[in-house]
Amino acid sequence: MTMTTQSTPGAGFITEGFPAPGLPRTQRHITGYNAEGKSVFLHTDSGSHYRIMGEQQAIANILYSTSATPVDTSGDSDIKMAQDKEPPLSYPNGSVVRLIDYAPNVQSPLHRSISLGYGVVLEGIFQVTLDSGESKVLRQGDFIVQRATSHKWHNITGNGTLPGRMLYIQLGCSEVHVNNEEIKPFLGELAPYYEGREVQ
């Protein structure tokens, strides 16, 4: 998120954690098996890890993550890992499902993850801009495939007066080369939120 002074758009908007004011609480349901081999619901909650970003301008909610593919679901080790370990932005061989609530008129810094990212607008209207200067407006239900490209998000819901919500699914990908040059990840002002965790 843009992090400068208290005049920064959306500063102080996230006061109570998840969800952002004006947005509904999301429920996460995790299934598994009981002792009889029947499919059952094991957990119902709103996510495992929350992280307020910027000057209380956004909140990230990790709905699930896996560190390897294929995932071993024979026991509950994947559930324990997802609940106990806050993931990096993406895992090289796994997945991260991240919900982000944005304050009104908030714009993320330009960043790039070496991953295949799926993004869905759940609430509101967002503009996504690439480092080429090209941009698109995404509305509720619209979908984007980010193929390890540089981009930034701007919540323009209600002409910048209302909160918005995005769902992101990050999958690991191989090294990216353009014109025989390897493309590297960069997070800019997002970097402090992923310190101490692997970042791709």
Side-chain angles (χ1 to χ4, degrees), residues 1-29 44-65 86-87 89-90 95-113 115-171 186-194:
M1 310 311 115
T2 303
M3 293 168 253
T4 52
T5 67
Q6 277 300 323
S7 62
T8 300
F13 187 78
I14 310 293
T15 57
E16 302 291 329
F18 180 81
L23 295 177
R25 178 167 294 279
T26 296
Q27 285 197 322
R28 172 183 72 171
H29 306 286
T44 295
D45 54 30
S46 293
S48 297
H49 308 280
Y50 307 111
R51 184 170 287 268
I52 294 176
M53 306 175 83
E55 296 176 21
Q56 296 176 287
Q57 296 162 285
I59 183 165
N61 177 3
I62 304 300
L63 295 180
Y64 211 69
S65 63
E86 186 177 0
L89 186 60
S90 64
S95 65
V96 180
V97 182
R98 182 179 283 109
L99 198 70
I100 300 184
D101 287 358
Y102 292 84
N105 203 29
V106 163
Q107 186 170 187
S108 77
L110 189 72
H111 61 285
R112 175 171 58 223
S113 169
S115 65
L116 179 65
Y118 302 137
V120 185
V121 179
L122 297 184
E123 301 275 350
I125 303 173
F126 286 81
Q127 182 175 42
V128 61
T129 303
L130 308 180
D131 62 0
S132 64
E134 292 183 89
S135 66
K136 296 285 185 183
V137 172
L138 284 74
R139 293 172 171 79
Q140 188 171 16
D142 285 348
F143 180 83
I144 187 170
V145 179
Q146 288 279 2
R147 300 175 60 250
T149 52
S150 303
H151 62 283
K152 61 182 179 179
W153 292 97
H154 186 189
N155 174 22
I156 58 173
T157 309
N159 292 318
T161 65
L162 296 171
R165 174 176 288 168
M166 290 287 304
L167 175 68
Y168 303 104
I169 301 170
Q170 306 290 138
L171 304 175
F186 69 89
L187 296 181
E189 294 177 19
L190 293 176
Y193 302 103
Y194 299 97

Is there side-chain contact between R147 and L116, with at least one heavy-atom pair below 4.5 Å? yes

Minimal non-hydrogen separation, A20 against F13, with atom names: CB-CE2, 4.2 Å

Give me the one residue out of V120, D101, I100 that meets side chain to side chain contact (heavy atoms under 4.5 Å, CB included) with R165. D101

Would you name the heavy atoms of W153 and M166 that are closest together and state the gap between them? CH2-CE, 3.6 Å

When rounded to the nearest 0.5 angstrom, what distance separates CG in L23 from CD in E123? 6.0 Å

Pair T157-N155, side-chain donor/acceptor within less than 3.5 Å: yes

Would you check if I14 and M53 make a side-chain contact, meaning some heavy-atom pair closer than 4.5 Å? no

Would you please classify the geometry between the F18 ring and the Y50 ring as parallel, tilted or perpendicular, with 30° and 60° separating the classes? parallel

Heavy-atom pair with the smallest gap, counting every atom of Q170 and L89: CG-O, 3.6 Å

Just verifying a value: how many Å separate L99 CG and Y168 OH, rounded to the nearest 0.5 Å? 9.5 Å

Q27 (side chain) donor-acceptor with T44 (main chain) under 3.5 angstrom: no

Quick one, V97 with L167, criterion side-chain contact (heavy atoms from CB on, under 4.5 Å). Give me CA distance, side-chain angles, the key distance, then yes/no. CA-CA 7 Å; V97 182; L167 175 68; 3.8 Å; yes

Could you check whether any side-chain heavy atom of V145 comes within less than 4.5 Å of a side-chain heavy atom of Y118, counting everything from C-beta outward? yes

Looking at I125, V128, D142, which one forms a side chain to side chain contact (heavy atoms under 4.5 Å, CB included) with V137? I125

Here the gap from T129 atom OG1 to L110 atom CG, rounded to the nearest 0.5 Å, amounts to 9.0 Å

Which distance, rounded to the nearest 0.5 Å, do you find between the NZ of K152 and the CD of E189? 11.0 Å

Just verifying a value: how many Å separate Q107 CD and F126 CZ, rounded to the nearest 0.5 Å? 12.0 Å

How far apart are the C-alpha atoms of R28 and N61, what are their side-chain angles, what is the distance that settles it, and do they pass the side-chain contact (heavy atoms from CB on, under 4.5 Å) test? CA-CA 11 Å; R28 172 183 72 171; N61 177 3; over 6 Å; no

Taking every non-hydrogen atom, the tightest pair across P163 and P21: CG-O, 3.3 Å

Exercise: identify the closest heavy-atom pair between S90 and V96: CA-CG2, 4.0 Å

Is the closest side-chain heavy-atom distance between T26 and S46 below 4.5 Å? no

NE2 of H111 to CZ of F186: how many Å apart, nearest 0.5 Å? 8.5 Å

In terms of heavy-atom contacts, Q140 and L122 come closest through NE2-O, 2.9 Å

Can you check side-chain contact (heavy atoms from CB on, under 4.5 Å) on L138 and Q127, steps first, answer last? CA-CA 6 Å; L138 284 74; Q127 182 175 42; over 6 Å; no

Going by atom types only, do H29 and D45 share a side-chain donor-acceptor pair under 3.5 Å? no

